[in-house]
2 protein chains.
Amino acid sequence: MTDRPRSRPKTRIQRRNSEAILEAALDVFSAQGFRGATLDQIAQAAGLSKPNLLYYFPSKEAIHIELLNGLLDVWLAPLRALDPAGDPRDEIIGYMRRKLEMSREMPRESRLFANEMLQGAPHMGATLSTELRTLVDDKAGVIRGWSEAGRIAAVDPYHLIFSIWALTQHYADFDVQVRAVLGAGRDPYDEAGPFLDRLFERLLAR
Amino acid sequence: MTDRPRSRPKTRIQRRNSEAILEAALDVFSAQGFRGATLDQIAQAAGLSKPNLLYYFPSKEAIHIELLNGLLDVWLAPLRALDPAGDPRDEIIGYMRRKLEMSREMPRESRLFANEMLQGAPHMGATLSTELRTLVDDKAGVIRGWSEAGRIAAVDPYHLIFSIWALTQHYADFDVQVRAVLGAGRDPYDEAGPFLDRLFERLLAR
DNA sequence: GTCTATACCGTGATAGAC
DNA sequence: GTCTATCACGGTATAGAC
């Protein structure tokens, strides 16, 4: 049983190469999907040979899982940051804005998750029903409390969260379509911000 | 140059097999993506041998393109049906409801398109900038007219259409996630209908 | 501890018998 | 018009040299 560098990166070169691989894999997986990506593409983008790449990760699937798990925390951070003690309207619209900003700054990550969801989440299924669900249940409770206290309008908190996900991720995941429709001169995100502000302000207004 | 059955299906068996192939391909492509799907899977689902399948379609890509093109009309029909002479609120919310119904009844088609968009629309790129854009420009003009006439609130018509796409397709494309969060007992679509009704009613209210 | 050469398999597509 | 057999390729993964 050899100690794979993955388990606990030690040398500088190991760290460096592992990170280069994950960065390259994010590029390729998000653009081509899991099956569409090839180790050759990832290896080339990482500046390594294909067999050398497989020295750092045991398999293509292992790279994919590592990416998904590593990204999940980043992805859910904005929702975690929703503060029960804050102003309801500011918290919800602020959350939406952070998600929109993430679509703009991290479209590859958005597409990686979208690909995984479309395939039925073969590598994340368990996490969805446990970690994600727990978090959403928690925050939905907060939002429900705000509704019942009359601080925002009465809305289903779960579908409110879904609508934030759908509306913000759409601009990353369907980027081609959005840009094809808007044309070259317009910036989708600059326009989406104010539009979504107004949408949620009206939805939440008492 | 042999006359391929695809060009103009003649015999009953040719029609039958071609349709079986497209139906099977929709199943497999929507679940696995283009690269993830194999001709073996499609052939088996269609009840044919792999070489026999390739007698009806020249290549895997040809099947995919045929599917996408054939579906586009169905997919855009609800937007085409948006009636400039109708009541603005009824037309827009009716459009949203038809799209939501399509997510419920045709989730495979929704995922097929989502997969294609995520990959950057390699097989549809041209259509987006022409046919789709023309249609959206047209309907956006109608909606803008309603806004300017004061019949609905002033909203960006393009992002209004995007928001309808995003919110309705989300329930089909992210089905696993939605069901994982809601749990087994709840029906996502039954709940989404009233939620989205209210959302758009508030958005459009003067 | 890192990379080169290579094995092996699944996939898309073809040739030719029936 | 359909099937069996097969090819060539690209893919993942391993063995072994440096």
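Lettering of chains follows the sequences in order, A, B, ..., and the numbering in each one begins at 1.
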To the nearest angstrom, the OH-C1' distance between B:Y56 and D:dT2 comes to 8 Å
What residues, two or more places apart in sequence or in another chain, satisfy ring-ring contact (aromatic ring centres under 6.0 Å, His included) together with B:F29? B:F34, B:H64
Any side-chain N or O of B:Y55 less than 4.0 Å from the OP1 or OP2 oxygen of D:dT2? no
Scan B:L48 against the nucleic acid and name what it touches under 4.0 Å (heavy atoms): base, sugar-phosphate only, or nothing. nothing
More than 12 foreign heavy atoms under 6.0 Å from CZ of A:R16: is that the case here? no
Provide, to the nearest angstrom, the distance between the CD1 atom belonging to B:I42 and the C1' atom belonging to C:dG12. 11 Å
d(CD1, A:I63; P, D:dA13) in whole Å: 9 Å
So ring pair (Phe, Tyr, Trp, His ring centres under 6.0 Å) across residues 88-119 of chain B, not counting sequence neighbours, yields B:W75-B:F113
Who passes side-chain contact (heavy atoms from CB on, under 4.5 Å) against A:R144, sequence neighbours left out? A:E148, A:P157
Going 5' to 3' along nucleotides 4-11 of chain D, which nucleotides have protein heavy atoms under 4.0 Å from the base (write B), which only from the sugar-phosphate (write S), and which from neither (write -)? BB-----S
Roughly how many Å is it from CG in A:L54 to C1' in C:dT2, rounded to a whole number? 14 Å
Length of the line joining B:Q41:CD and C:dT11:P, which is rounded to integer Å: 7 Å
Residue set satisfying ring-ring contact (aromatic ring centres under 6.0 Å, His included) with A:H159, at least two apart, ordered chain then number -> A:F162, B:Y171, B:F195
Distance in angstrom units between A:F34 CZ and D:dT12 C1', rounded: 10 Å
Please, which pairs that meet side chain to side chain donor-acceptor pair (under 3.5 Å) have at least one residue in residues 83-92 of chain B, sequence neighbours excluded? B:R89-B:E201
